[in-house]
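Structure record follows, encoded as structure tokens.
We use all heavy atoms of the structure for the numbers below, so side chains are in, but hydrogens, waters and symmetry mates are not. Sequential numbering from 1 along the given sequence is applied to the chain's residues.
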Amino acid sequence: MGSQSYFMVLIICVVAIIGSSDAELKLGYYGKSCPKAEEIVLKYVHQHIPNAPSLAAALIRLHFHDCFVRGCDASVLVNSTQTNQAEKDSIPNLTLRGFDFINTVKSLIEAECPGVVSCADILSLSARDSVHAIGGPYWNVPTGRRDGTISKAADVFITLPAPFNNLTTLLTLFGNVGLDANDLVLLSGAHTIGVSHCPSISNRLYNFTGKGDQDPDLDSEYATNLKKFKCKNINDQTTLIEMDPGSRNTFDLGYFKQVVKRRGLFESDAALLKSSTTRSIVAQHLQSNEKFFTEFAKSMEKMGRINVKIGTEGQIRKHCAFIN
């Protein structure tokens with residue numbers, strides 16, 4: 001009886017050790033189970049991003065919107081059903097793009113290794129590889145994330161930072177997921193690529209305090225130009241605006257240069273000038289493109305670890321848009 005108990009304990013310990021070895025994010029997680037996984041992502045990115053560089057901004061935004069809501073678990077990719085409105089159909093997410101891109105990469109990897117690689121890892125890798133493909137920084141993407149089984153539109157309003165948030169709210173929302181003021185400034189730097197739509201700034205231009213006024217934190221000359229050439233009235237829902245005018249497909253220091261001129265597009269951009277701490281961080285990164293790239297990479301890796309599901313948590317979705 002004693003020997004049986006000994007062997008049972010031994011078996012349990014061995015199982016625990018084997019299980020725990022996979023219950024963490026690590027570089028090359030799929031080295032044995034799907035060795036070509038990261039190569040498939042990279043190849044697809046390099047086939048398509050040079051012809052559609054704006055997708056790099058879309059994919060990094062998709063990754064950001066995913067990680068801040070229930071962690072980096074690909075819950076933002078899930079379709080709504082008759083009984084559940086999913087994250088992607090929440091108002092802040094209606095302008096997200098890149099879903100088809102991720103679904104295609106998933107199908108290519110499924111053909112190679114069915115049921116092995118998570119959508120959460122595919123999204124993380126695609127965001128990194130696409131930004132690097134347009135000349136942006138490269139960062140480590142430890143893999144081993146599993147996909148979430150819950151996606152609710154209402155959650156987005158609670159945890160996702162918004163373009164109209166003030167500095168206090170931004171620091172709170174970032175702090176809630178383990179990110180600090182430095183991460184806030186650095187990750188905001190991703191606004192150096194991509195576009196937005198007029199509704200995101202119409203109040204700043206036309207009705208900031210509800211009295212038909214303009215946001216005094218927005219450079220008046222820039223605001224005049226935006227009203228004249230872009231958002232010509234408060235009801236414009238469709239016109240696109242570059243977040244870093246003139247270099248929206250180039251990952252550089254242009255965004256920070258806009259911010260210090262009070263030409264950041266969003267209230268959340270202007271908020272970075274509201275404290276000596278964040279102002280100082282912006283000034284630091286204006287000095288060196290290389291330093292910005294290095295520090296941005298660290299913050300992206302940090303963001304990619306937010307509330308990840310590992311080990312036996314969640315699932316590996318067969319299709320990114322549907323819970324198994």
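Using a cut-off of 4.0 Å between Lys/Arg side-chain N and Asp/Glu carboxylate O, Asp155 and Arg70 are scored as salt-bridged. Under the 4.0 Å criterion applied to side-chain N and carboxylate O atoms, Asp217 and Arg263 are not assigned as salt-bridge partners.
Between the Thr172 side chain and the Thr168 main chain, a donor and an acceptor come within less than 3.5 Å of each other. The backbone N or O of Leu77 lies less than 3.5 Å from no partner atom in the side chain of Glu87, so there is not a single donor-acceptor pair. A donor-acceptor pair under 3.5 Å is absent between the side-chain atoms of Asp244 and the main chain of Ile193, judged by distance alone. No donor-acceptor pair closer than 3.5 Å links the side chain of Asn84 to the backbone N or O of Ser80. Side-chain atoms of Asp236 do not come within 3.5 Å of backbone N or O of Cys231 as any donor-acceptor pair. The backbone N or O of Ala74 sits nowhere less than 3.5 Å from a side-chain atom of Arg145 that would complete a donor-acceptor pair. When atom types are taken as modelled, the side chain of Asn207 and the backbone of Gly212 share a donor-acceptor pair closer than 3.5 angstrom. Within the 3.5 Å criterion, the main-chain N or O of Pro199 finds no donor-acceptor partner in the side chain of His197. With Tyr44 contributing its side chain and Leu108 its backbone, the two residues share no donor-acceptor pair below 3.5 Å. In this structure, the side chain of Asp129 does not engage the main chain of Ala133 through any donor-acceptor pair within 3.5 Å.
When side chains are defined from C-beta on, Ser130 does not count as touching Ile60, because their heavy atoms never get closer than 4.5 Å.
Asp121 and Tyr30 form a side-chain donor-acceptor contact under 3.5 Å, judged by distance and modelled atom types alone.
In this structure, Phe251 has its ring center at least 6.0 angstrom away from the ring center of His132.
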TODO: Start with the C-alpha distance between Leu59 and Ile49, add both sets of side-chain angles, then the distance that settles side-chain contact (heavy atoms from CB on, under 4.5 Å), and finish with yes or no.
DONE: CA-CA 10 Å; Leu59 291 169; Ile49 294 300; 4.3 Å; yes

TODO: Start with the C-alpha gap between Asp213 and Arg204, add the side-chain angles, then the distance that decides, and say whether salt bridge (charged side-chain N to carboxylate O under 4.0 Å, His left out) holds.
DONE: CA-CA 8 Å; Asp213 54 343; Arg204 293 194 81 191; over 6 Å; no

TODO: Carefully, step by step, assess Val78 and Phe322 under the rule side-chain contact (heavy atoms from CB on, under 4.5 Å).
DONE: CA-CA 6 Å; Val78 176; Phe322 305 100; over 6 Å; no

Open item on the list: Would Thr277 and Ser280 count as a side-chain hydrogen bond (donor to acceptor under 3.5 Å, both in side chains) here? Give the steps.
Closed with: CA-CA 5 Å; Thr277 300; Ser280 173; over 6 Å; no

TODO: Go through Leu62 and Ile102 one step at a time and tell me if the side-chain contact (heavy atoms from CB on, under 4.5 Å) criterion holds.
DONE: CA-CA 10 Å; Leu62 198 58; Ile102 299 299; 4.2 Å; yes

Task: Residue pair Lys298, Glu295: steps toward the salt bridge (charged side-chain N to carboxylate O under 4.0 Å, His left out) verdict - done: CA-CA 5 Å; Lys298 292 176 184 176; Glu295 296 303 313; 3.3 Å; yes

Open item on the list: side-chain contact (heavy atoms from CB on, under 4.5 Å), that's the test. Do Phe68 and Val177 meet it? Break it down for me.
Closed with: CA-CA 7 Å; Phe68 268 82; Val177 293; 3.6 Å; yes

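Listed by first and then second residue, the salt bridge (Lys or Arg N to Asp or Glu O under 4.0 Å) pairs involving residues 304-324 are Asp73-Lys309, Glu301-Arg305 (not counting sequence neighbours).
Of all heavy-atom pairs between Pro92 and Leu160, the closest is CB-CD2, 4.1 Å. Here the shortest heavy-atom pairing between Asp183 and Lys302 reads OD2-NZ, 2.7 Å. Taking all atoms of both residues into account, the shortest heavy-atom contact from Ser118 to Asp147 is CB-OD1, 3.4 Å. Of all heavy-atom pairs spanning Tyr255 and Asp269, the tightest one is OH-OD1, 2.6 Å.
The environment of NZ in Lys227 is crowded: more than 12 heavy-atom neighbours from other residues, nucleotides or ligands sit within 6.0 Å. Heavy atoms from other residues, nucleotides or ligands lying under 6.0 Å from CD of Gln47 number more than 12. Annotation: Gln85, atom CD; neighbour count of heavy atoms from other residues, nucleotides and ligands within 6.0 Å is above 12. In Leu94, the CG atom is crowded: over 12 heavy atoms of neighbouring residues, nucleotides or ligands sit closer than 6.0 Å.
For Glu110, the side chain to side chain donor-acceptor pair (under 3.5 Å) partners are Lys106, not counting sequence neighbours.
Hydrophobic clustering (ILVMFWY, side-chain heavy atoms < 4.5 Å, transitive): Ile134 and Phe101 are in one cluster. Cluster annotation: Ile241 and Val195 are assigned to distinct hydrophobic clusters (Ile/Leu/Val/Met/Phe/Trp/Tyr, side-chain heavy-atom contacts under 4.5 Å, transitive).
For the pair Lys261 and Tyr222, the NZ or CZ position fails the cation-pi test of under 6.0 Å to the six-membered ring centre and within 45 degrees of the ring normal.
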